[in-house]
Amino acid sequence: MRAGMRALPVLMLVSVLGALRAGGTELTFELPDSDRQCFHQELERGLKFTLDYQVITGGHYDVDCYVEDPNGRTIYKETKKQYDSFPHRTEVQGVYTFCFSNEFSTFSHKTVYFDFQVGDEPPILPDMSNRVTALTQMESACVTIHEALNTVIDSQTHYRLREAQDRSRAEDLNGRVSYWSVGETLILFVVSIGQVLLLKSFFTEKRPSSGSTST
Amino acid sequence: MAGGALRAAVAALVLAAWGAHGLYFHIGETEKRCFIEEIPDETMVIGNYRTQLWDKQSESFLPSTPGLGMHVEVKDPDGKVVLSRQYGSEGRFTFTSHTPGEHQICLHSNSTRMALFAGGKLRVHLDIQVGEHTNNYPEIAAKDKLTELQLRARQLLDQVEQIQKEQNYQRYREERFRMTSESTNQRVLWWSIAQTIILILTGIWQMRHLKSFFEAKKLV
């Protein structure tokens, strides 16, 4: 019991350090018009990372994205993309930068989602990496279920984002239908009254000569 | 006493190691950065951040700066403020959602030392964990004394629970989407009918008005 209690902080320390070998960040942020936002992360050499991004709301639902390695070299550059996935294995140790740019747009601000996954998933308990026996059937079944559930959660995230994008378009359409209907009715009134007045003005100007048609 | 010192050492090591590996970005002095988290209800969100100030003399970022504060504000989908607190130069904020939808997490610096900050940048390391990622499995294993297999089962249960919550949330979102689409459909239908009627009425009015005008002018 005593040894277990003393081992707890050490266990926590090792687990946290173990968890730091890999990990990921997924964030959704708002990108104002004519703006660019950059994110940086320091990575070791030989690590595999994946950057997924998707535009959720705004304008034509597209954004520019580029990724630079620590030497300033552009390893990925795309313009006006709606969504993309970029996997890469790091060759240099240092700070990697990825930026999203909305500089081509003058009045639409965008909501961008990105998921930056680094490395592989750490084991659930830190001492699993140095086990001497093979996994039992039960344990390997659990690992399979865990990986399948991860796939389910990822696919749910994907559907949630697409649904958010579609809902944003539908609400946009709803608003536009209202405004254009009211606007068109007003234009209709203005044009019809204007036509009548214009026509009347043609005949009232020629009053001196129009009297001759009746004689 | 020894346990306390060990815990402090652990905390220091955690912060140092975590800071070297997290994602970071730069913000200006009065700039506010907002992040959106679309989550189902009863979901816990934990955010960790760490700030570093740019030092003009050494042309680098200082490892830690006391006196620097960050104000964290969290709003729920209805715009109501769920959390609005001032934290130090590094902090950890937690909240649990009670309504499903888009929660907005906003951070802006509230520096007490404006002179230091003049013309400077602030580097913010941020990490936001949602739902089942907030669980600390080694801690749970130690607290409930679970074997590896039991811990795995617990993790799978948590994951399945999160999937169920997300599915319920999806049903709620789909209903909203369907309402919006049906509203658009209704509006298009009624406005088309209304505009056709207005067009016909306007045409009739024009003809009658012009006919009476020409009759008055003795042209017809």
Side-chain angles (χ1 to χ4, degrees), chain A residues 4-6 8-13 15-17 20 23 25-30 37-42 111 116 124-126 128 136 138-139 142-143 145-146 149-150 152-153 156 159-160 163-164 166-167 170-171 173-174 177-178 181 184-185 188-189 192 195-196 199-200 203 210 213-214, chain B residues 3 6-7 10 13-14 17-18 20-26 33-38 126-128 136-139 141-142 148-149 151-153 155-156 159-160 162-163 166-167 170 173-174 176-177 180-181 183-184 187-188 191 194-195 198-199 202-203 205-206 209-210 213-214 217-219:
Chain A
M5 291 300 281
R6 199 168 297 144
L8 177 59
V10 180
L11 195 69
M12 282 173 66
L13 166 66
S15 72
V16 169
L17 286 183
L20 290 172
T25 315
E26 58 175 18
L27 289 174
T28 311
F29 64 95
E30 216 177 80
Q37 283 189 11
C38 294
F39 297 87
H40 318 262
Q41 179 146 357
E42 182 161 346
T111 310
F116 189 74
I124 189 173
L125 279 177
M128 269 184 192
T136 66
M138 193 72 150
E139 284 165 354
C142 281
V143 170
I145 296 175
H146 176 66
L149 289 181
N150 276 342
V152 172
I153 291 176
Q156 274 191 329
Y159 280 117
R160 171 168 56 86
E163 189 272 343
D166 291 341
R167 187 161 30 91
E171 283 170 0
L173 185 66
N174 199 10
V177 163
S178 297
S181 302
E184 217 179 295
T185 311
L188 192 70
F189 281 138
S192 58
Q195 275 182 330
V196 168
L199 210 59
K200 279 165 80 165
F203 289 95
S210 69
T213 56
S214 58
Chain B
L6 182 60
R7 198 157 293 159
V10 165
L13 208 58
V14 162
W18 180 78
H21 288 265
L23 187 85
Y24 63 84
F25 54 90
H26 299 127
R33 277 291 176 92
C34 290
F35 298 95
I36 299 165
E37 287 291 335
E38 194 174 354
L126 183 67
D127 179 43
I128 299 179
N136 187 351
Y137 286 104
E139 198 183 305
E148 197 178 300
L149 204 58
L151 191 66
R152 270 268 178 240
Q155 189 190 35
L156 293 176
Q159 277 191 303
V160 167
Q162 188 181 346
I163 289 172
E166 185 81 27
Q167 283 186 326
Q170 190 175 1
R173 284 193 316 260
E174 191 271 339
R176 266 182 59 192
F177 191 176
T180 307
S181 296
S183 157
T184 306
R187 280 187 199 186
V188 166
W191 272 109
Q195 273 183 18
I198 289 171
L199 193 67
T202 315
W205 171 80
Q206 274 187 325
H209 190 84
L210 284 174
F213 173 70
F214 287 139
K217 290 266 173 237
K218 299 189 175 49
L219 290 168

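Reminder, nothing fancy here: chain letters follow the sequence lines and each chain counts from 1.
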Residue set satisfying ring pair (Phe, Tyr, Trp, His ring centres under 6.0 Å) with B:Tyr137, at least two apart, ordered chain then number -> none
What pairs with B:His209 under ring pair (Phe, Tyr, Trp, His ring centres under 6.0 Å), at least two apart in sequence or on another chain? B:Trp205
Measuring heavy-atom distances to chain A, does B:Gln155 have an atom under 4.5 Å in its side chain, in its backbone, in both, or in neither?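 Just its side chain gets close to chain A.
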Pick one of side chain, backbone, both or neither for B:Thr202, based on which atoms fall under 4.5 Å of a heavy atom in chain A. side chain
Shortest non-hydrogen contact from [X] toward [Y]:
| X | Y | result |
| --- | --- | --- |
| B:Arg152 | A:Cys142 | CD-CB, 3.7 Å |
| B:Ile163 | A:Val152 | CD1-CG1, 3.6 Å |
| B:Thr184 | A:Ala170 | OG1-O, 4.2 Å |

Can you say whether the rings of B:His26 and A:His40 are parallel (under 30°), tilted (30 to 60°) or perpendicular (over 60°)? tilted
Students often mix this up, so state it plainly: with edges at 30° and 60°, are the rings of A:Phe29 and B:Phe35 parallel, tilted or perpendicular?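 Ring orientation, 0 to 90° scale: perpendicular.
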A:Ser192 and B:Gln206: side-chain contact (heavy atoms from CB on, under 4.5 Å), yes or no, with the steps? CA-CA 7 Å; A:Ser192 58; B:Gln206 274 187 325; 3.6 Å; yes
Heavy-atom pairs under 4.5 Å with chain B: which of [options] has the most?
| options | result |
| --- | --- |
| A:Leu27, A:Thr25, A:Leu199, A:Thr111 | A:Leu27 |
| A:Asp166, A:Leu173, A:Val143 | A:Asp166 |
| A:Gln156, A:Glu26, A:Met138 | A:Gln156 |
| A:Arg167, A:Glu171, A:Arg160 | A:Arg160 |

Between OG1 of A:Thr28 and CD1 of B:Ile128, what distance do you get to the nearest 0.5 Å?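 It is 9.0 Å, given to the nearest 0.5 Å.
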Counting heavy-atom pairs closer than 4.5 Å to chain A, which one of B:Arg176, B:Glu37, B:Glu174 comes out on top? B:Arg176
A:Ser178 side chain to B:Arg187 side chain, donor-acceptor N/O pair below 3.5 angstrom: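 A donor-acceptor contact under 3.5 Å links the two side chains.
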With no hydrogens and no angle check, just 3.5 Å: does a side-chain donor-acceptor pair link B:Gln170 and A:Glu163? no
Check against side-chain contact (heavy atoms from CB on, under 4.5 Å), B:Lys217 and A:Lys200: CA-CA 10 Å; B:Lys217 290 266 173 237; A:Lys200 279 165 80 165; over 6 Å; no
By a 4.5 Å heavy-atom criterion (distance strictly below it), what part of A:Cys38 contacts chain B: side chain, backbone, both, or neither?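 Backbone of A:Cys38 only, per the 4.5 Å heavy-atom cut-off to chain B.
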Pick one of side chain, backbone, both or neither for A:Ser181, based on which atoms fall under 4.5 Å of a heavy atom in chain B.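 Answer is both: backbone and side chain atoms of A:Ser181 are under 4.5 Å from chain B.
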side-chain contact (heavy atoms from CB on, under 4.5 Å) between A:Ile153 and B:Gln162: does it pass, once the steps are laid out? CA-CA 8 Å; A:Ile153 291 176; B:Gln162 188 181 346; 4.3 Å; yes
